[in-house]
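One structure is given here, and the rest of the page talks about it.
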There are 2 protein chains.
Amino acid sequence: MDISNPLYRNQGIHVVCALFTVKDGEVKILLAKRSNNPYPDKWMLPSGAVYNNEDCETAMKREMLEKTGITNFYVEQFHVFSNPNRSPVMRMLAVGYIGIINSENLKIKKKTEKTQDVEWFKLSEVPEDLAYDHHEIFLYALKTLKVKIIRTNIVKALLPKYFTLPELQKVYEVILNKKFDRRNFRKKFLQLGLIENTGMKESNKGHKPANLYKFIQSKDYDVDIF
Amino acid sequence: MDISNPLYRNQGIHVVCALFTVKDGEVKILLAKRSNNPYPDKWMLPSGAVYNNEDCETAMKREMLEKTGITNFYVEQFHVFSNPNRSPVMRMLAVGYIGIINSENLKIKKKTEKTQDVEWFKLSEVPEDLAYDHHEIFLYALKTLKVKIIRTNIVKALLPKYFTLPELQKVYEVILNKKFDRRNFRKKFLQLGLIENTGMKESNKGHKPANLYKFIQSKDYDVDIF
DNA sequence: TATATTTGCGTATTCCATACACATTCTATT
DNA sequence: AATAGAATGTGTATGGAATACGCAAATATA
């Protein structure tokens with residue numbers, strides 16, 4: 001690469017993260033509200049520039065920590081967005097990540113130097129005028145999440161340590177926007193051998209309590225299951 | 001992004017393509033032999049730097065045309081390689097693409113300014129000392145190809161216009177390195193409704209001629225089939 | 001104690017994956 | 001011309017998974 005060629009100048013590398021969780025029986029995504037130019041006061045996916053001494057995943061986790069205070073979440077690269085005009089400032093490539101975390105005991109930092117707020121949004125309430133091309137990135141991430149939750153075991157990253165089968169089913173239903181038969185869902189998931197009954201039960205539900213299950217430790221995320 | 005921050009300096013964006021084909025009943029991948037530093041005389045995946053006025057896919061197709069003369073192939077992004085030390089020259093991110101083409105009537109350019117040769121390699125004969133981290137990229141691309149050929153319809157891009165069911169089966173067998181039962185493979189693939197019998201037959205094979213099939217035009221690539 | 005609600009378990013049926021037998025159609029050989 | 005060799009195309013039997021749906025059990029609340 002001839003570094004003196006002006007065609008190679010001013011290229012920036014960004015990382016951007018679509019972090020999903022399940023909260024109050026709904027799938028939600030984390031957005032941050034910008035303070036500065038460009039797109040002041042617009043919501044965006046947490047994102048930032050990559051330093052030249054770190055790889056993209058490291059940069060993304062650093063940005064997430066700096067901008068939202070969130071750490072220790074499951075993450076997977078899903079697509080690169082490289083339209084040369086995607087940023088009005090300069091040519092800025094974005095490496096997109098899907099993040100997944102369970103919302104139990106999760107605190108987020110609300111305000112930083114560059115952001116004035118950080119919030120979980122229902123998927124149906126994500127603003128269409130996100131900064132940059134982030135709405136397009138959000139849609140692509142959601143599409144990828146749908147495939148992943150069918151084909152792999154990432155649902156493990158969405159759930160708390162103990163959960164009931166109806167709760168597990170609800171996660172599938174809200175992400176895929178589709179109903180399943182209770183009895184068949186149970187049969188199918190149990191025979192996968194990914195979860196085990198803890199013997200404990202939920203309580204105070206006003207009906208027959210469901211058993212609490214947990215994922216079997218040894219089984220990894222991102223294992224093909226369907 | 002504060003462009004004066006030295007942490008953001010000297011970042012290059014590369015694209016790299018693992019182009020697969022089926023030739024002589026074998027899966028092959030296209031490699032180019034380098035002329036210049038770094039890695040003189042080493043084989044590499046076709047790759048090159050992205051101009052700041054084009055997106056990555058455009059850059060990749062331009063590089064493929066310049067370095068190999070190949071155009072009009074199916075392509076899909078699969079992973080970004082961002083280890084800061086992956087190039088000895090400077091920090092250079094690589095956006096990886098899988099390319100797929102059928103080798104019928106395919107000519108390749110053998111020599112360019114930067115490459116002294118371009119060749120199809122059997123997967124078992126790809127040198128382990130490819131330039132940069134290209135061997136790692138090759139392995140990742142192959143793994144992705146295996147998933148894609150099971151889950152989607154990309155096999156369409158590997159085959160010529162007319163093909164027999166045994167030929168189709170052979171493609172699956174060489175890519176997945178696994179044998180299938182003729183009769184069950186036929187039954188399964190036909191019921192997918194992706195291909196149709198042309199009524200024509202192959203000839204001069206020394207045995208009962210197989211019917212020639214073609215893909216139904218309207219069905220796209222990258223459709224989930226299994 | 002009765003009721004509403006939801007969980008957990010069971011069964012019947014249909015569809016798909018797999019295993020394997022046999023007939024067909026071509027080329028090559030004698 | 002007859003036959004052998006080789007691979008294709010068709011069919012069938014079986015086991016397991018997906019789907020549809022009936023019913024009993026357990027809890028909070030009235």
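Letters go in sequence order (proteins before strands), and every chain restarts at 1.
Taking atom NZ on Lys178(A) and atom P on dT19(D), their separation rounds to 7 Å, with Å as the unit. If you take CZ of Phe189(B) and C1' of dT18(C), they are 18 Å apart, rounded to a whole angstrom. Regarding Phe180(B), its CZ atom lies at a distance of 13 Å from the C1' atom of dT18(C), rounded to whole Å. What separates NZ of Lys188(A) from P of dA20(D) is a distance of 12 Å, to the nearest Å. Rounded to whole Å, the distance from CZ on Phe163(A) to C1' on dT7(C) is 16 Å. A straight line from CG of Leu190(A) to C1' of dT7(C) spans 13 Å, rounded to a whole angstrom. Separating the CG atom of Asn184(B) from the P atom of dG16(D) is a distance of 16 Å, rounded to the nearest angstrom. Atom CD in Gln191(A) sits roughly 14 Å away from atom C1' in dG15(D) (whole-Å rounding).
A side-chain donor-acceptor contact under 3.5 Å links Glu167(A) to the backbone of Thr164(A). Distance alone, capped at 3.5 Å, is enough to place a donor-acceptor pair between the Tyr172(A) side chain and the Ile149(A) backbone. In this structure, Tyr97(A) contributes its side chain and Phe78(A) its backbone to no donor-acceptor pair below 3.5 Å.
Close to dG8(C), at under 4.0 Å from its OP1 or OP2, lies a side-chain N or O of Asn211(A).
Taking 3.5 Å as the limit, the base of dA21(C) and the side chain of Arg183(B) contain a donor-acceptor pair of atoms between them. Under 3.5 Å, the side chain of Arg182(B) and the base of dG9(D) form at least one donor-acceptor pair of N or O atoms. Within 3.5 Å, a donor on the side chain of Lys187(B) pairs with an acceptor on the base of dT18(C), or the reverse.
Within residues 195-208 of chain B, the residues approaching DNA chain D are Gly206(B), His207(B), Lys208(B), by heavy-atom distance under 4.0 Å.
Checked for salt-bridge contact, Lys178(A) and Glu173(A) miss the test: no charged N lies under 4.0 Å from a carboxylate O. A salt bridge is absent between Arg34(B) and Asp41(B); no separation between the charged side-chain nitrogens and carboxylate oxygens falls under 4.0 Å. For Lys110(A) and Glu119(A), the salt-bridge test passes: some basic side-chain N is under 4.0 Å from an acidic carboxylate O.
Pairing each heavy atom of Pro46(A) with each of Met64(A), the nearest pair is CB-SD, 3.4 Å.
Comparing Pro166(B) and Asp181(A) against DNA chain D, the residue whose closest nucleotide sits nearer the 5' end is Pro166(B).
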